[in-house]
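One structure below.
Sequential numbering from 1 along the given sequence is applied to the chain's residues. Any value given below was found using the heavy atoms of this structure, including those in side chains, with hydrogens, waters and symmetry copies removed.
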Amino acid sequence: VRERQPTGWVVFAGVVLIIVGFLDALWGLAAILNDDIVIVGGQGAIVADITLWGWLHLLLGSAIALTGFGLFSGNTGARWVAVFLVAVNAITQIVWFPAAPLWAFLIIILDVTIIYQLTARWED
């Protein structure tokens, strides 16, 4: 019986998933260490404490990176978890738009790329 191996696209998605997870965890760690941020909007400045949000991103980024390693084994369950976690990550990045629009946009684009690579060529 031949063991199931991941395809090239799944390996690509796994590598990008590890990168996004690492960047997300790093962003969360930065938010924990420097928990006061000033967000300048159209109506003035908002000072927010983002410690809880930093912990969320640190845990989410770590889970995303670990799921990326799970994709290398060709596990179908890891694909489902990856699609779910990356979708959640893309949604949570919308909150960061006032603080860092370029960063949030970049991470959302990478998340959508990962979702496409994991679902467009899904082989059962």
Check your understanding: If Ile, Leu, Val, Met, Phe, Trp and Tyr residues are connected whenever their side-chain heavy atoms lie under 4.5 Å apart, and connections chain through other members, are V88 and L58 in the same group?
Key -> no

Review point. Can W103 be reached from L29 by stepping across I, L, V, M, F, W or Y side chains whose heavy atoms are under 4.5 Å apart?
Key: no

**Study point:** Heavy-atom neighbours of F105 CZ exceed 12 at 6.0 Å
**Key:** no

Check your understanding: Out of curiosity, I115 CD1 to L110 CG, how far, rounded to the nearest 0.5 Å?
Key -> 11.5 Å

Exercise for review: Please round to the nearest 0.5 Å and tell me the distance separating atom CH2 of W9 and atom OH of Y116.
Suggested key: 7.5 Å

**Study point:** Approximate separation, where rounding is to 0.5 Å, of T67 OG1 and I18 CD1
**Key:** 10.0 Å

Check your understanding: Would you say I107 and L26 are hydrophobically clustered, going by side-chain heavy atoms of ILVMFWY under 4.5 Å?
Key -> no

Point to revise | Note, I108 side chain near F97 side chain (heavy atom, < 4.5 Å) | key: yes

Point to revise | Minimum heavy-atom distance between A31 and G54, given as atom pair plus value | key: CB-CA, 3.6 Å

Check your understanding: Are I19 and F72 in one and the same hydrophobic cluster, where Ile, Leu, Val, Met, Phe, Trp and Tyr link if side-chain heavy atoms are under 4.5 Å apart?
Key -> yes

Practice item. Locate the shortest heavy-atom distance separating Q117 from A13; write the atom from each residue and the value. Key: CB-CB, 4.0 Å

Check your understanding: Taking atom CG of L118 and atom CH2 of W80, what is their separation to the nearest 0.5 Å?
Key -> 11.0 Å

**Study point:** Spacing of CD belonging to Q93 relative to CD1 belonging to I109, to within rounding of 0.5 Å
**Key:** 12.0 Å

Practice item. Calculate, to the nearest 0.5 Å, the distance between atoms CG and CD1 belonging to D24 and I64 respectively. Key: 5.5 Å

Practice item. Carefully, step by step, assess F12 and T113 under the rule side-chain contact (heavy atoms from CB on, under 4.5 Å). Key: CA-CA 10 Å; F12 170 78; T113 302; 4.2 Å; yes

Check your understanding: Do you know which two heavy atoms are closest between D111 and A90, and how far apart they sit?
Key -> OD2-N, 3.2 Å

Review point. Is it the case that one hydrophobic cluster holds both I32 and L23, taking links as side-chain heavy atoms less than 4.5 Å apart, direct or via other members?
Key: no

Check your understanding: Does atom CG of L102 have more than 12 heavy-atom neighbours from other groups under 6.0 Å away?
Key -> no

Study note, to complete from the structure: On a heavy-atom basis, the closest approach of H57 and T92 is CE1-OG1, 3.6 Å

Check your understanding: Looking at A82 and L17, what are the two nearest heavy atoms and their distance?
Key -> CB-CD2, 3.7 Å

Revision key, fill the gap. Tightest non-hydrogen contact, residues V10 and L71, listed as CG1-O, 3.7 Å

